Each structure stands twice: as structure tokens, then as C-alpha cells.
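Values in this document were obtained by computation on a predicted structure and should not be read as measured data. Indexing begins at 1, ligand by ligand and atom by atom, following the structure's order. Because only heavy atoms are used, hydrogens play no part in the values below, and waters and symmetry mates are left out as well, while side chains stay in.
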Amino acid sequence: MAATSMPATTLPPHHHLSLPPPSPTYAPVNAHRHFANHPTILLINQSSNQNQLKQIHAQMLRTGLFHDPFSASTLISAFALSNLQDINYAHQLFDQMPQPNVYTWNALIRAYSSSETPIQSLVIFTQMIHRGNEVSPNKFTYPFVIKAAAEVSDVRVGQVVHGMAVKTTFGSDVFVLNSLIHFYASCGCLDSAYSVFLKMPVRDVVSWNSMITGFARGDYADKALKLFKQMQCEGLRPDNVTMMSVLTACTKKLDLGIGRLVHSVIERIGITRSLNLNNALLDMYVKCGTVDNAQKLFGKMPEKDIVSWTTMLVGYAKSGHYVTARKHFESMPNQDIAAWNALISAYEQNGNPKEALNIFNELQVSNKAKPDDITLVSTLSACAQVGALDMGGWIHVYIKKHNIKLRCHLVTALIDMYSKCGDLNKSLEVFKCCDDNNKDVFVWSAMIAGLAMHGHGRDAIKLFKKMQESNVKPNGVTYTNLLCACSHTGLLEEGRDLFTKMKPIYGITPGVKHYACMVDMLGRAGFLEEALELINTMPMPPLASVYGALLGACRLYGNIEVAEHASARLLELEPWNHGAYVLLSNVYAKSGKWDKVASLRKQMKDVGLKKEPGCSSIEVNGCVHEFVVGDNAHSQSKTIYGKLNEVFEKLKSNGYEPNRSYVLQCVEEEDMQEQALHLHSEKLAIAFGLISLTKSQPIRVMKNLRVCGDCHNVAKLISKVYDREILLRDRYRFHRFKAGECSCKDYW
Ligand code: ZN
Ligand code: ZN
């Protein structure tokens, strides 16, 4: 900018500007208002666009008015903070001022603190400090510097600023301290936040709100609720913000009792409920499982927005009221894409992925709204659940055709869908097409999970190394997938090594899932004692999944002693876990202890355990077909059973013999008859695949439970006798059957 070099001597003489002396230690805000009523300055506030402001700037340079700190700072703050914001321009102007006053420094620091580059606030603050006595930060400086530190999540910087503030008189300013509470809480340092809170000489509602919010968001629901009580005892009146945070805490605790209590407090003290507060109440009722209460509240709400409507929609779907959900959707004032998304994800996330796909199809046909990223991610997830590869592939084509930007979450969803539908190559293709610089930790983690699922443990570890070369920091999810990969492929040494490096090298504290992976890994390798030892040294109480893993290993090695111990612990934690009974009975069956198998079955009946019915799905020409054991519901049922009989005749002549011990092992399936073994859902699905797919198409079957030994055996034989490739995804892994062999090497 040419104007920068304009020396002061070129000022037209008739202006007689009497410039104020340089500010002494620090200038009170907006001192020296010599020109406050100057017509040019008044014009600044009346400007309606940036061009006008720029013209005023030019004029101020011509007249020399720009050299008056007050006038210049008024212009700068117009560029920095008004709705005509152009921070870069404000910054340029700032650089032209020989001695910006504290007001100008603050304006820029404040503007950057809520910009896309909050780090700039910290840079400018540092420059300000280096000016020494010329200018000093004041109580309006610190809160925004602290806010910037919170934005960049830099604890150390925040601590330094905290230290500086303490040395000044502003260390006890409520505004400064409130921003410190917010800063520490948002960086996850709740202890520090709380210690600031405790030491405050005076606390206002914002102080309480910041601390309650910090606890509620940081998963310390109990502390949040306790503080809320204390706040009331000290006679402070909670406001909308307080109640929103308290409701967050109730929702996290899934504590309907306290939730109701909070609702009554709101009514008793007469807080005017904002739309957001009503929505928070709705959310609490829905998440705590009382859709009736939510419905009542919803009916009374004077104002509703898309959040209110979709919260109700999710509530209906979650509680299985699908018909009501649908009706609710129809009555929504605005069936925009957000509404469709709510409906699709409600089904997708609540165990009805097939219906989610139907709704997506309906959306396509009706053309009422255009699918967005969220629609596609939900639908891809539904495809992954039922194994709808054609549909998933179709969405991939749709994304390409409509030039939809492949953001990380969409890439992650595609990789996940292809892996879970059994097409690892496609999944790798998507991964490779995505530029390395654009891959976030979730994309890498999804690909590692895909490799793990398909038993490519070494490739998963290789990919993990590449991920580090790309400077992407692994998180807990990455590590779970990685350990899972080692466990599925039997890479014990590698797994042990990774586990020990987890905390010291990658800074990830091992969680329950990681321990469960390690127990699984050790167990599979036959180190049952070591697995038990690991469980005993866990710093947290082991969840059911940990004992489940141990029990699974016992099934492989037929270790009754450890199995009984593990299942007892597991059933203490989850008395309704029917998987525990199944695995234990498998262990008994393997050792021929049929009396124990029988008594377990009786026990299950006595406890009134509902068995999860075995269910398999297969996609043919874009349509998903579902089968349960002994199913007659399919329109081609007769043909399917005909085919199944033919298959068994053919297999028997090839040496197949149904294994009666499997009948007894399969407590998860409904009937103990040998006939029932023939009718396991995956066999029905495979038979249907044989009828309806061409020889070149692999038969892909998704099963919700662990595949039984007989079905595994039959699938192997079919792959040989009929020369077909069969992919079977059970609850735990993929089995790829080809030429009589399975990719799991009978190790599952
Ligand atoms: Zn079976
Ligand atoms: Zn297998």
C-alpha cells in the first residue's frame, strides 16, 4: 500500500492536527477522544460495506486523521470487529500505526480469537508484551488471549497467560477468571479449572455456569449436579445456560429421576425456557427412554425447530415405534434433507438398517430432497450393517457422478462399507485414491480395521507405520483396530510390542477395549494363564468384553477350569448375556460333558434368557434378503429348500456327515433337532445365493451371530463341490471360503 510510507510532513497545513503525546504506561481505553465527533469518524459507524470503509481510510490518510490513535483505532476496530469484518485489512492498518493504543491491540486480539486463525491472537499478544512500558495488557486483553489459547487447545500458553494475569491486578477480575475456567475446562484440565473456581473472590452466574458446563461435558455428571445444588444453596439464580448444562449431565447419566427433578426446578423458579432449553429437555427424555414424557413436552412447546422435530423422530424410532416415527415424519412442517436424514439414521442406528435403506430408496424416487453428506454416511453405514454391497457401490457411483467432495468422514464410511461387505480390494482402492495429506486419523483407522477384519494383520501393521510417516497421530480407535489385527492373525509378538509402546510412545492410555484385544490375542495363542494375569493387573474394572474374549479362547482350547471362572465373572457383570452361556456350553460340548450342556440349557430357560435369533442376510441385485432359522417367509421358500436338499445329497456323497455335537453346541439356535442344524439361517442364505447368483458372483452372507462349526464345514464343502466363492461375515470376522478352504484357517 503506497500510503504506508507517507511521511507526516506531507499533511496539508490547514488541518493543524494536534497529535496527542505517546501514551504513558498504559492508556485508559479510548482516551484522547479529540476527534470523536469528527464527521469522518462518525461516518465509520454508518458505513454499510467494506468499500466505504476503505474510502474513509484513504480520506483519513489524506487528511492525516489516521495518525490520531483514537481515530485509527476506531477504523481498525470497524474492520476487526464489526459485521464488515476484514481481519487482514485491520491487521495491515494496525501495522501502519506507529503507536497503537491498548484499545487497538485489544480489538485485533479479540478479532483473531474468534477467527479461523486464533493463533494470531497469541502472536499479537506476544508483540504487545515486547513493547515494554509503551503499552500494557488490561482486563479486556486477557480474556481474549485466554480464549485464543482455548481455541488452539494449548495448555502451556494458557498457563503462562494465567501466570501473567495473576501478577497484575487483573488476576482477581471475574471476567478474566471466568475465561480461565472456560479455558482449562475446554482443554480437559478440569482440576485446574476447579481450582481457579475455588479461589475466586467473587463468583457470578457465568463462573458457576462455566464450571458446571465443564464438568457436564467432561463426563463428570455427578460433580456437575453437585455444583448445581451448591449454586442454589448459595442463593444464585440459575439461568438457561445453567439448566442446559445440568440437563447434559442428567442425559449423560441417563438418570431420568434427576432429569425430572431438573424439569420441575425449571418450572418452580420460573426460568423462561428458550427453544434450546426445551430441546435439551426433549433430548433428556428421549435419551432416558421415556418417549411419552418427550411427546407431552413436545405438544406444549410454543416454538419448535428442526432439532425438536428430529429429536422426537429419533425417540420414536429408538423405542421401536416405527409407525409413529413415520407419521411424525409425514407431519413435519419441512421435510427437508435434515428430516430425511433423521429418519434414515434413526433406523440405521436402532437396529433396523434394512428399513433405513428402503427410506433412502424412497428419497431417491420421490426426489423431494437432495441427499447430502450426512445422508450418504448414514446410508453407507446401513449398507455395511446388512452387507448391501450393490447399494453401497451405487452410492459410491452417485458420489462420483455428482462431484460430491470426498471429505474424510465420507471416505471413512466408504472404506468401512466396502470392508464390511467383504470387498477389501475396493476398500483399498478408495483409500489409495484419497490424497495422503487429506487423510485424517479416522480414514487410516478404518483402513486398518478393514485389513484386520479380513485377517491381513501384517498389512495392517505396515499401514500403521505409513500412517506415522504421514504424521497422523493414532488415537484409541486406531489402536483397538491394530491390536484386533494382531489378534485375528495370531501376531502375538507384534501385538505385545505394540501394547507396551502404547502409552510411552503414543501417549494413549490403554482402555478396556485394548485390554480385551490383548486377552483375546493371548487366549487365542493358548496363553490362558497370562491372559488371566493381565486381567488381574488391569487398572480399571474389566468389562464383560474382556471375559468374553477369555471365554472365546477357552472354547478353542477346551479349558474348562478357566472357562467356568470367566463365565462366572461375565455373568456377574451381565446376567442376561446369553453369549456367556453359549460359549461355556461349547467348552463343555467339546469335552463331551453333555450333562453340563443340558443343565446349562435348563439354567438359561430358568433365567428366562431371550436368545438372539440367528439371522443372515444376502444381497441379490441390489435387494437385501433376510433369513432366520427354519424360515418359510421368503417368497421362493420352496425352491430354496429344494436346493438345500440337493446340496446335502451332493455333500453327503462327498463325505459330509452332520456333526451331532454341533447340534448341541448351537444353543444359540432355536432347536436341538438335527433338522434344525440344516436350517441355520446362513445355510438358507447360501442356498438362495446358489440359486440366484451367477457362478462368477461371490456369495456374500452376513450373519449376526458367530458361525457354528457345521455351517462352517458345509460352506467349505460347497465352495469346493459347487466351485463357488463364499464370503461369510459373522459377528466376529470374515470367512472367505474357496476350493474347500477357509481364510480363517479354522481359527475363529
Ligand atoms: Zn450353523
Ligand atoms: Zn472360517
Side-chain angles (χ1 to χ4, degrees), residues 387 419-420 422 424 451-457 484-485 487-490 520 524 552-553 555-556 578-579 581-583 585-586 589-590 597 601 611-618 626-631 640-641 644-645 647-648 651-652 656-690 698-720 724-748:
S419 311
K420 287 193 177 145
L424 186 64
L451 290 166
M453 230 180 277
H454 290 268
H456 298 278
C484 211
S487 133
H488 274 291
T489 327
D520 190 53
R524 276 170 193 279
R555 189 188 68 106
L556 275 174
H578 97 284
Y581 287 98
V582 172
L583 283 171
S585 84
N586 286 349
K590 195 158 187 167
V597 173
R601 286 182 66 88
K611 294 172 211 159
E612 193 179 343
C615 175
S616 297
S617 59
I618 178 170
E626 278 175 343
F627 296 91
V628 293
V629 60
D631 202 338
I640 295 170
Y641 282 109
L644 208 52
N645 281 333
V647 168
F648 281 118
L651 294 193
K652 271 178 188 158
Y656 164 73
E657 218 176 296
N659 186 338
R660 205 180 123 70
S661 86
Y662 286 127
V663 183
L664 289 154
Q665 277 188 46
C666 295
V667 243
E668 66 249 76
E669 306 286 3
E670 222 15 78
D671 209 313
M672 274 177 78
Q673 302 299 310
E674 189 174 303
Q675 191 57 24
L677 194 58
H678 283 176
L679 305 182
H680 278 179
S681 58
E682 55 269 57
K683 292 198 181 92
L684 295 176
I686 292 173
F688 181 60
L690 284 172
I699 298 172
R700 297 170 204 272
V701 174
M702 311 291 146
K703 176 163 195 205
N704 64 337
L705 302 173
R706 198 194 288 267
V707 58
C708 85
D710 188 61
C711 290
H712 196 267
N713 198 14
V714 166
K716 280 205 286 192
L717 288 168
I718 292 178
S719 74
K720 189 168 130 196
R724 300 288 283 248
E725 187 181 354
I726 301 172
L727 263 148
L728 176 61
R729 183 183 88 193
D730 72 3
R731 181 173 263 176
Y732 302 91
R733 64 172 306 144
F734 264 103
H735 302 268
R736 182 184 292 269
F737 302 95
K738 216 176 168 181
E741 300 281 329
C742 179
S743 61
C744 77
K745 305 201 169 50
D746 298 334
Y747 186 70
W748 82 94

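- With hydrogens and angles disregarded, a donor-acceptor distance shorter than 3.5 Å links the side chain of His454 to the backbone of Ser419.
- Between His712 and Leu728, the closest side-chain pair of non-hydrogen atoms is not below 4.5 Å.
- Here the N, O or S atom of His680 that is nearest to the Zn ion (ligand 1) is ND1.
- For His735, the N, O or S atom closest to the Zn ion (ligand 2) goes by the atom name ND1.
- Minimum heavy-atom separation, Val714 to Lys683: CG2-CE, 3.7 Å.
- Between Phe627 and Phe688, the ring-plane angle classifies as tilted under the 30° and 60° cut-offs.
- Here the angle centred on the Zn ion (ligand 2), running from SG of Cys744 over to SG of Cys742, is 110°, rounded to 10°.
- The Zn ion (ligand 1) does not have His712 among its coordinating residues (no N/O/S atom, backbone or side chain, under 2.8 Å).
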